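Presented below is the structure to which this report refers.
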Amino acid sequence: MDLPNFTFPFPPFNIDIMSNTYQFGMIGLGVMGRNFLLNMADHGYKVIGFDKDATKTAALESSATAGTTVKGVGTLKEMIELLETPRKIMMLVPAGKPVDDVIESLLPLVQEGDIIIDGGNSHFTDTLRRVSYLQEKKLHFTGMGVSGGEEGARKGPSIMPGGDAAAYPHIKPMLEAVSAKVNGEPCVAYMGKGAAGHYVKMVHNGIEYAIMQLLSEVYDILHRGGGLSNDELHEVFKQWNEGELQSFLVEITADIFTQPDDKTSNRLVDMILDKAGSKGTGKWTSQDALNLPVPIPVIDMAVAMRTISSFKEERMSAAALYQPVAKAIGTKKDLLIKQTHDALYFATIMCYAQGLAMLHSAATELDMQIPLEDVVKIWRGGCIIRSGLLETFYKAYRKNKTLPNILLDKGVAKLVKKKERNLRALLKTTLQSKIPAGGLMSSLAYFDAYTSAVMPVNLIQAQRDYFGAHTYQRTDIDGVFHTNWNH
Ligand code: 6PG
């Protein structure tokens, strides 16, 4: 993003404005930046925003709540002059080069001790680099995840700040004020050292991808396999949202089925092309899970399915060649709905388990010191993956802060065990029906492997030693062994 030093046609700088000091500045007034800033103003903070697009700056002021102090400015210099020190300057601009460009434009203007916050979905390695770069210049840099979409930003997101611990006390009261609240507790907490804020947000998005994949599979099973209409699907998801599956994603899914199309007489969902987009955070989660390493197969599958969906033309050729005909699932409707409910519940727990296990490992492997208890606490409200289940996980981490995997918690184990049978039953019929259910299947494969005291990798060790003398350990004697196999 280039930031031309143009002057927005705004009332000229005057004494009255000069005497004002603003408490928080925002760079990038797209809908997320604008909403976040307006939210802050609604909580009594005097805020100031800048965007290189003058129409966005104007939209900021015109959409402010009456009685709040919201100012749009046409240059960064003006913003810097009007902010109280230490300055709190947040940016919500596209990840990558735009973030570096904003930082470079700020450097000649800011002073020691000022706090620069990146609230976008930046890759954590970029954040790590920026933290040290700005530390050298005696500036604070906070990589901060913000979740909740447009509405969340306006009414209360879940906020995941990390990085410079010295900066956090300065921004904590403001972030607590604007965040979502659950039982009166703010959905914001310090997520740990370095790039922890962006790392936690990345994994949040990985879990988001996985749950969305499961929801799409469950929709397919009930719709193509069980013959449920959009109205029936709406009812099923609505009811699920009132029970143990309560979550933001289930809630919006229920809504989606009733949305009419304004161009045809169909429901909109039936008119949307089956090609999923993505901005990369799911892929980043999978990539880093491989590096740690931590297995997150449901998230990996979700990323893969979005990619497969994008090969629409190839899929159509393959469909013509193999002619798979999705067969109806014979199970009675009520039973199918029950099995699907339990399968979704089971598999959703696996998504959180994998993401949280990844954070557990990153906390030490990447020296981020991520407090898992606080992660699940602040995910209970405001964010896209908020759900009733997070309350259960919060209890589990309060009992044991260092739990490596939530599947090891007795309370969680009880829930999982109750649903396992129906997931297996559902997958049997789904496999026969040819409806792809990779997310559900990999959740079970993960569970079966993770809960196996014995795995067949003794054979893999034998093969490695056979062809490459890679050695193996024995079950009965300590040490490392090699055999001259019979070849
Ligand atoms: C959130 C969302 C938000 C964004 C996703 C979309 O927490 O508010 O996760 O960050 O909507 O990044 O990601 P894809 O475009 O990759 O699906």
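The figures here come from the full heavy-atom set of this structure, side chains too, leaving out hydrogens, waters and symmetry mates. Only a predicted model underlies this, so the values are computations on that prediction, with no experimental measurement involved. Both ligands and their constituent atoms are indexed starting at 1 by order of listing.
Looking at Met160 against ligand 1, nothing comes within 4.0 Å, counting heavy atoms.
At under 3.5 Å, not a single nitrogen or oxygen of Ser278, backbone or side chain, sits near a nitrogen or oxygen of ligand 1. The N/O atoms of Val146, backbone and side chain alike, include none that comes under 3.5 Å of an N/O atom in ligand 1.
Nearest heavy atom pair, residue Met32 against residue Ala153, reads O-CB, 3.9 Å.
A donor and an acceptor atom, one from each side chain of Asp255 and Thr253, are nowhere located under 3.5 Å apart. There is no side-chain donor-acceptor pair under 3.5 Å between Asp274 and Ser309. Under the 3.5 Å distance criterion, with hydrogens and angles disregarded, a donor-acceptor pair is assigned to the side chains of Asn39 and His43. Checked by atom type, the side-chain pair Glu235/Gln239 shows no donor-acceptor distance below 3.5 Å. Checking Thr285 against Tyr209 by side-chain atom types alone, no donor-acceptor pair falls below 3.5 Å.
When hydrogens are left out, the protein atom nearest atom 2 (C) of ligand 1 is Glu208 OE1, 3.4 Å; that is the closest non-hydrogen contact. At the top of the distance list for atom 16 (O) of ligand 1, counting protein heavy atoms only, stands Tyr209 OH, 2.5 Å. Regarding atom 7 (O) of ligand 1, its nearest protein heavy-atom neighbour is Ser147 OG, 2.5 Å. The single protein non-hydrogen atom nearest to atom 17 (O) of ligand 1 is Arg306 NH1, 2.8 Å, given as residue, atom name and distance.
Close contacts of ligand 1 with Ile384, meaning ligand atoms under 4.0 Å from a residue heavy atom, involve 1 (C), 2 (C), 7 (O), 8 (O). In the vicinity of Asn205, heavy-atom distances shorter than 4.0 Å reach the ligand 1 atoms 5 (C), 7 (O), 9 (O), 10 (O), 12 (O). Near His204, with a cut-off below 4.0 Å to any heavy atom, the atoms of ligand 1 are 7 (O). Ligand-side atoms of ligand 1 in range of Gly149: 8 (O), range being under 4.0 angstrom from any heavy atom.
Residues Phe24 and Tyr45 place their aromatic rings such that the two centres sit no closer than 6.0 Å.
Aromatic ring pairs are classed by plane angle as parallel below 30°, tilted from 30° to 60° and perpendicular above 60°; the pair Tyr219 and Phe257 is tilted.
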**Report entry** Evaluation steps, side-chain contact (heavy atoms from CB on, under 4.5 Å), between Leu233 and Asn230
**Finding:** CA-CA 5 Å; Leu233 288 165; Asn230 283 322; 4.0 Å; yes
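The protein does not reach atom 11 (O) of ligand 1 closely, with no heavy atom under 4.0 angstrom from it.
A heavy-atom separation below 4.0 Å is not found between Gly282 and ligand 1. Residue Lys201 places a heavy atom less than 4.0 Å from ligand 1. At least one heavy atom of Gly148 sits closer than 4.0 Å to an atom of ligand 1.
Val93 pairs with exactly one of Leu29, Asp118, Val99 by the side chain to side chain contact (heavy atoms under 4.5 Å, CB included) rule, that one being Val99.
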